[in-house]
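These figures come from a predicted structure and were not determined experimentally.
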Amino acid sequence: MRIESIVAGAVNRFFEENNLPLPDQSMIQIQKTRREFSGDITLVVFPLIRIMKKSPAEAGEELGRYLKQLPQISEFNVIKGFLNLLIESSYWTRFVSEIYSKDNYGISEKSGPADTVLVEFSSPNTNKPLHLGHIRNNLLGYSISLILEANGFDVKKVNLVNDRGIHICKTMLAWEKWGDDKSPADAGMKGDHFVGKMYVLFENAYRKEVDELVAGGMSVEQARIDAPLMVEAREMLRKWEGGDPGVYRLWEKMNGWVYEGFDVTYRKLGVSFDRIYYESDTYHTGKEIVEEGLAKGILKKKEDGSVWADLTDRGLDEKLLLRSDGTSVYMTQDLGTAVMRQKDFNAGKMYYVVGNEQDYHFRVLSLILDELGYEWAGSLHHISYGMVELPSGKMKSREGKVVDADNLIDEMIETSGRLSAELGKLDGVSGEEKEDIIRKIGMGALKYFILKVDPKKNMVFNPEESIDFNGNTGPFIQYTHARICSLMNKAGEHGITPERGESGIITLTGKEVRVVSLLHDFPDVITEAGKNSSPALIANLLYDLAREYNQFYHDHPVIRENDDRVRNFRLQLSLATGNVIRMGMGLLGIEMPEKM
RNA sequence: GGUUCCGUAGCUCAGCUGGAUAGAGCAACAGCCUUCUAAGCUGUGGGUCCCAGGUUCGAAUCCUGGCGGAAUCACCA
């Protein structure tokens, strides 16, 4: 049993034996002892003094004397209402001996098909390549999926591709006009970048047209509608919706280019999906659902033919679901997608990893599904994450103020290679192995940089100051792991391997205890990370662990230790640390080199 | 304007459902490699936790009101 539960149980017994009312569970607060005091864990006695009717000092003393009887508690002291408990080394050595060789420590087994959950992430538009904002989305979505799996859920990762709409038509029109019938291969570009370039060509020419119309005296709003390019794009959208074979072929061809490009980026990021949905499919279902709602009288049609959901009873406004011309909007498609998915997977929960700019949209989506009578409407859960901003503010694709995903990835790997060379770290390694290590480190730096930040918060990325490889970074944690691998190899060469079982009666140093106690926290952190959809919690623990381990490593001999029992414990401790780091980083989607 | 979120060191971020003298990293400066990987370790300086009230034995954390910033409130997605 975990030490916190043992102590909490003993506190309860104390009240029982003294015929006092039992304290509420929330009153038994156990936390880590702050470093400046002596002890490992601390019971906060303030909440208990009311029942005990004693001063904090007296209550602490009394509880301390009682708890010291536990075989796991060796010492105690009371300072200002805080009861600090020193844990017997044998508790820690036994704990380490139990987990050091497990490759599933902290991981919950799958609990069955009833616990299927669905995670949507990525959700790209097919008119431009992925940028840093998408990277955050993909890394979060993928990591959260892994974390939910580690919490025992059967996770389905799904992607919803926004492959239809006016923005796609803009790229098609631009290609027809200025593409010279070239393919991405002809242009020597990745498909998504090539199509993205078409989008930019359109936007630039369109802006020029608008400017000219405005100069001629037209209002900006009207100019945006009347600009010849926009008229053509809308015409193309109508043809697409009408199933015009020529337009449809072009649409398929250009989307194909984009998907080829996306695949490359996804592979580099190491993300994958169990199922991909396309809005060009789901919007049909969405329309049907709206028609049904209309027939049932839940939705209402206005005179101009547009269809609305009335959410004024719920404290919100009315929401448009079909335009007056009968075409669907964003919400329509999301309704369809949700219903299709529920049919496909019957998931207990559907998570949407989507930026916080869409908080309102998802509140409305869930409410409308509820209005329409879907009893699973409450199972939608928006994992809302903050924007990635540049020092100059928000990224804006139309102004070219974006950090391109592929460029960034390439730069990270390049930097990784340069640093390795400067430090002479991989001089003994060559070829594919070397490339692989360099790639893992570069990607580790990028992924950790993004994931260590609380998802809910906006974060700032400064392209001028490239992502660090020292300090609180992915490579720092990877390095710690590589060190441990190297240590174990060296130990093996000396014929030293950790022996199973407890290492015998030894007294641990403060640094050893700090490392063990972080390992001890790992399962709880996985649980919390699952509940809060926050990979950052895992990242923070791993950083603390790596830092504490490096301190331990700095001033404790392992292989060179003469006392067999101590040496064995330190080997187990090192192995356990390496395993937890590897598993934990695995949950962030970060690979671990064995040397670097 | 309504709603939601945010405001912690020069910069980037931790700080869990209230607990001890608010912590890391980067940047700056000063040290540590005949010893298991120096992408490491140690030390120094750096704070009105936006402001003002309130609740509490105790508030960066909870409540109210300001100030500042962001998002959203589309027949865009």
Aromatic plane relationship, A:Tyr330 with A:His361 - under 30° parallel, 30 to 60° tilted, over 60° perpendicular: parallel
Presence of A:Arg224 side-chain N/O under 4.0 Å of B:C76 phosphate oxygens OP1/OP2: no
Sugar-phosphate only, base, or nothing, as touched by A:Asp454 at under 4.0 Å among non-hydrogen atoms: sugar-phosphate
C1'-based separation of B:A14 from B:A71 [nearest Å]: 24 Å
Sugar-phosphate only, base, or nothing, as touched by A:Phe461 at under 4.0 Å among non-hydrogen atoms: nothing
Sugar-phosphate only, base, or nothing, as touched by A:Gln478 at under 4.0 Å among non-hydrogen atoms: nothing
Base B:A38 to side chain A:Asn470, donor-acceptor N/O within 3.5 Å cut-off: no
Out of B:C13, B:U37, B:A71, whichever nucleotide has its closest atom nearest the side chain of A:Glu357: B:A71
A:Phe82-B:A20 aromatic stacking (under 5.5 Å, under 30°): yes
Separation between the C1' atoms of B:G31 and B:C67, rounded to whole Å: 45 Å
Whole-Å distance separating the CD1 atom of A:Ile526 from the P atom of B:C16: 20 Å
A:Arg560 CZ - B:C36 P separation (whole Å): 6 Å
P-based separation of B:C16 from B:A22 [nearest Å]: 15 Å
Touch class at under 4.0 angstrom, heavy-atom based, for A:Thr42 against every strand present: base
A:Met387 CE to B:A70 P, straight-line distance once rounded to whole Å: 14 Å
C1' gap between B:G25 and B:A9, integer Å: 12 Å
Side chains of A:Arg483 and A:Asn550, donor plus acceptor under 3.5 Å: yes
G-U wobble or Watson-Crick pairing nucleotide for B:C62 (cut-off 3.5 Å, both distances): B:G54
A:Lys302 NZ: over 12 foreign heavy atoms closer than 6.0 Å: yes
Mate of B:A28 where both pairing distances stay under 3.5 Å, Watson-Crick or G-U: B:U44
A:Lys319 side-chain N/O to B:A74 phosphate OP1/OP2 under 4.0 Å: no
Sugar-phosphate only, base, or nothing, as touched by A:Val460 at under 4.0 Å among non-hydrogen atoms: sugar-phosphate
Separation of atom NZ in A:Lys456 from atom C1' in B:C16, rounded to whole Å: 10 Å
A:Phe46 ring over B:G19 six-membered base ring, under 5.5 Å and 30°: yes
Touch class at under 4.0 angstrom, heavy-atom based, for A:Pro391 against every strand present: nothing
B:C33 glycosidic torsion: syn (within 90° of 0) vs anti: syn
Nucleotide opposite B:U3 in a Watson-Crick or G-U pair, distances under 3.5 Å: B:A71
Shortest side-chain distance from A:Arg483, nucleotide among B:U37, B:A77, B:C36: B:U37
Nearest to side-chain heavy atoms of A:Lys490, which nucleotide of B:A14, B:A20, B:C36: B:C36
Sugar-phosphate only, base, or nothing, as touched by A:Glu465 at under 4.0 Å among non-hydrogen atoms: nothing
Touch class at under 4.0 angstrom, heavy-atom based, for A:Pro56 against every strand present: nothing
d(CE, A:Met459; P, B:A71) in whole Å: 17 Å
Side chain of A:Leu537 (C-beta onward), nearest among B:U37, B:U12, B:G15: B:G15
Selected nucleotide, minimal atom distance to A:Asn472 side chain, candidates B:A77, B:G25, B:U37: B:G25
Pairwise P distance for B:U61 and B:U21, with rounding to whole Å: 16 Å
Interatomic distance, A:Asp555 CG vs B:C32 P [rounded to whole Å]: 17 Å
Partner nucleotide, any strand, of B:C16 [Watson-Crick/G-U, under 3.5 Å]: none
Pair assignment for B:U21, Watson-Crick or G-U wobble, requiring both distances under 3.5 Å: none
Sugar-phosphate, base or nothing in reach of A:Ile441, heavy atoms under 4.0 Å: base
Worked check of ring-ring contact (aromatic ring centres under 6.0 Å, His included) between A:Phe82 and A:Phe46: CA-CA 8 Å; A:Phe82 294 89; A:Phe46 288 109; 5.8 Å; yes
Validation row, ring centre A:Tyr549 to ring centre A:Phe552 under 6.0 Å: yes
A:Asp317 side chain, from C-beta outward: closest of B:U37, B:A20, B:C73: B:C73
Sugar-phosphate, base or nothing in reach of A:Asn84, heavy atoms under 4.0 Å: base
Atom-to-atom span, CD of A:Glu279 to P of B:A77 - whole angstrom: 9 Å
Complementary nucleotide for B:U34 - Watson-Crick or wobble, under 3.5 Å: none
P spacing across the pair B:C41 / B:A27, given as an integer number of angstrom: 13 Å
Main-chain N/O of A:Ala546 paired to A:Gln551 side chain as donor or acceptor, under 3.5 Å: no
A:Lys170 vs A:Asn127 side-chain heavy atoms within contact, under 4.5 Å: no
B:C62 to B:U72 separation - C1' atoms, rounded to the nearest Å: 26 Å
Ring centre gap for A:Tyr448 and A:Phe476 strictly below 6.0 Å: no
Distance test, side-chain N/O of A:Lys80 to OP1/OP2 of B:U21, below 4.0 Å: yes
Proximity to the side chain of A:Arg50 - top-ranked nucleotide from B:A14, B:U37, B:C57: B:C57
Near-ring test A:His167/A:Tyr199, centroid separation under 6.0 angstrom: no
Selected nucleotide, minimal atom distance to A:Tyr479 side chain, candidates B:A70, B:G7, B:G40: B:G40
From B:A38, B:C36, B:U12, nucleotide with atom closest to A:Ile559 side chain: B:C36
A:Tyr360, nearest nucleotide to its side chain (from B:U37, B:A24, B:U72): B:U72
Under-4.0 Å side-chain N/O to phosphate OP1/OP2 contact, A:Lys452 with B:U12: no
C1' atoms of B:A30 and B:U37, separation to the nearest Å: 25 Å
Pairwise 5' ranking along RNA chain B for A:Phe449 and A:Asp359, keeping only the more 5' one: A:Asp359
Nearest-0.5 Å distance, CD1 of residue A:Ile526 to CG of residue A:Asp521: 11.5 Å
5' precedence on RNA chain B between A:Arg34 and A:Gln551 (nearest-nucleotide basis): A:Arg34
Whole-Å distance separating the OH atom of A:Tyr352 from the P atom of B:A77: 17 Å
